[in-house]
Number of protein chains: 2
Amino acid sequence: MIRLLLADDQALVRGALAALLDLESDLEVVAQVGRGDEVVTAARDSGAEVCLLDIEMPGLNGIDAAAAVRRELPGVRSLIVTTFGRPGYVRRAIEAGASGFVVKDTPARQLADAVRRVHSGLRVIDPDLAAESLIDGPSPLTGRERELLTHALDGSPVATIAARVHLSEGTVRNHLSAAIGKTGATTRSEAARIAQERGWL
Amino acid sequence: MIRLLLADDQALVRGALAALLDLESDLEVVAQVGRGDEVVTAARDSGAEVCLLDIEMPGLNGIDAAAAVRRELPGVRSLIVTTFGRPGYVRRAIEAGASGFVVKDTPARQLADAVRRVHSGLRVIDPDLAAESLIDGPSPLTGRERELLTHALDGSPVATIAARVHLSEGTVRNHLSAAIGKTGATTRSEAARIAQERGWL
DNA sequence: TGACGGGGATGACAGGTGTCACGGGGAGGT
DNA sequence: ACCTCCCCGTGACACCTGTCATCCCCGTCA
């Protein structure tokens, strides 16, 4: 019997996945949480062996939660199950210590197999995403560029961004100009969108 | 026995919801589709009585799919089940003939109740969203403003948008300026983001 | 020690952007 | 007929933005 923890901020999806996985005779959902920062304690208390983690969660995202599980509970394995198959996510998830990465587009019956493979020590990674992740390579953005791009996501003017990060307007423009060049965009909001699509933020 | 159709583009979520609802003794999932434009024919072929529709779907979105069901199969009721509880969505869904609107944040056990209420002719609408929808009122955007905002979502320059819609650059700037004023934004990309958040696009 | 890259800053400049005033046309009410 | 609203366009203007050149400081690494 494989003991599972489910982490997803959408209660309906969480409950539905639990119903789906409980149908398997060798799987048992022993814990459910809706926030990333509750994963480690819930996994410890419930004695979970495999954690299914969504990426978009309040408190702590699924990738950082996988890293926390890796650090605090070395014997527990993590499987990222997320909506957005952004290439950068795969790389970061594996580097964070996750054992698997599947998107929510995959057929339902494959999920249980993925869980079993992860539990037995294998790695499960969506083949298409793995290829894309290799082609794109790691994020070319520097720390500042990434930070400023996240602030540019909502279309704020440069002056607003500069005030938020306590920098000169010119410096913000310079960093964003570099980010625009690296993403192949022509405006900062387009650059921010591209960077997010690739999982660079 | 209530006969259900599930429409969600994420196969994993769709299958999980099916597993969850099949646990109820009086519910039966008789059809599953991953595209909005397959809803009507699948509902007709399977003899479904209630359709659970996600909004974000390829082919046809869930709101338009609900309208199609209303038109083609008057006896069949629709229940929108979606991730984003944007106020404008609720209004548009009800206007399109949907009988209910719930977000994927709601507890799993409430979904079956919502289905039963919709099947019996009642309306089920998330209370918080209903209130927000009334406060915000309908979209103040004109047709052109809405169209141009959708093109501005990705941060394209005005010249690109003008070329895409075959309009003068000045005209595009004027419409977008009006949209910026109506959304309370200061840039077109911020206006586009705000409009999308409110379900005006 | 010197080279190198990231971060921070300034100044200047061309071009893009948001705003306003003003014009015209057409559809829908009263 | 008149008004109103939406749509389309032009021109002008102040301002914002993206780019480039040129500095500086600091940590790293050969």
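So you know, we letter chains A, B, ... as the sequences are listed, proteins then strands, and number each from 1.
- Contact annotation: B:Thr186 side-chain N/O to C:dG18 OP1/OP2 distance is not under 4.0 Å.
- At a threshold of 4.0 angstrom between heavy atoms, the contacts of A:Leu176 with the nucleic acid are absent.
- The NZ-C1' distance, from A:Lys182 to D:dT19, rounds to 16 Å in whole Å.
- Proximity of B:Ser177 to the phosphate of C:dT17: no side-chain N or O atom is located under 4.0 Å from OP1 or OP2.
- The NE2-P distance, from B:His166 to D:dG9, rounds to 12 Å in whole Å.
- Here C:dG11 presents its C1' atom at 13 Å from CD of A:Glu169, a figure rounded to the nearest Å.
- Atom CD of B:Glu145 is separated from atom C1' of C:dT19 by 15 Å (rounded to the nearest Å).
- One finds a side-chain N or O of A:Arg188 lying less than 4.0 angstrom from the OP1 or OP2 phosphate oxygen of D:dG18.
- Other residues, nucleotides and ligands place more than 12 heavy atoms under 6.0 Å from the CZ atom of A:Arg35.
- The environment of B:Arg70 atom CZ is sparse: at most 12 non-hydrogen atoms of other residues, nucleotides or ligands sit within 6.0 angstrom.
- Residues B:Thr142 and A:Ala159 both approach DNA chain D. Their nearest nucleotides, taken by heavy-atom distance, put B:Thr142 toward the 5′ side.
- For A:Leu167, counting side-chain heavy atoms from C-beta on, the closest listed nucleotide (C:dG18, D:dT17, C:dA9) is C:dA9.
- No donor-acceptor pair closer than 3.5 Å links the side chain of A:Glu72 to the backbone N or O of A:Ala68.
- Ion pairing between B:Glu49 and B:Arg77 fails under the 4.0 Å rule for side-chain N and carboxylate O.
- Axis angle across the helix from C:dT1-D:dA30 to C:dT30-D:dA1, with five pairs used at each end and values rounded to 10°: 30°.
- Put simply, the residue from B:Ile55, B:Asn61, B:Val103 that forms a side-chain contact (heavy atoms from CB on, under 4.5 Å) with B:Tyr89 is B:Ile55.
- The separation between A:Arg173 atom CZ and C:dA14 atom C1' is 13 Å, rounded to whole Å.
- Within the 4.0 angstrom heavy-atom criterion, base atoms lie near A:Thr171.
- Ranking C:dG7, D:dA12, D:dC7 by closeness to the A:His175 side chain, first place goes to C:dG7.
- The nearest whole Å value for the distance from the CD atom in A:Glu190 to the C1' atom in D:dG18 is 13 Å.
- Side-chain atoms of B:Arg123 never come within 3.5 Å of backbone atoms of B:Gly100 as a donor-acceptor pair (strictly under, hydrogens ignored).
- In this structure, A:Arg164 contributes its side chain and A:His151 its backbone to a donor-acceptor pair below 3.5 Å.
- For A:Leu148 and D:dG18, the CG to C1' distance is 15 Å, given to the nearest whole Å.
- With hydrogens and angles ignored, no donor-acceptor pair under 3.5 angstrom links the side chain of A:Arg144 to the base of C:dG7.
- Look at B:Thr187 and you won't find any side-chain N or O under 4.0 angstrom from OP1 or OP2 of C:dT17.
- Tested against A:Asp126, the residues A:Ile80, A:Asp105, A:Thr106, A:Val90 include a single side-chain contact (heavy atoms from CB on, under 4.5 Å) partner, A:Thr106.
- Checked for salt-bridge contact, A:Glu95 and A:Arg92 miss the test: no charged N lies under 4.0 Å from a carboxylate O.
- Judged by distance alone, the side chain of A:Arg188 and the main-chain N or O of A:Ser156 form a donor-acceptor pair under 3.5 Å.
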Restricting to nitrogen or oxygen on both sides, can you table the protein-nucleotides 22-28 of chain C pairs closer than 3.5 Å?
none

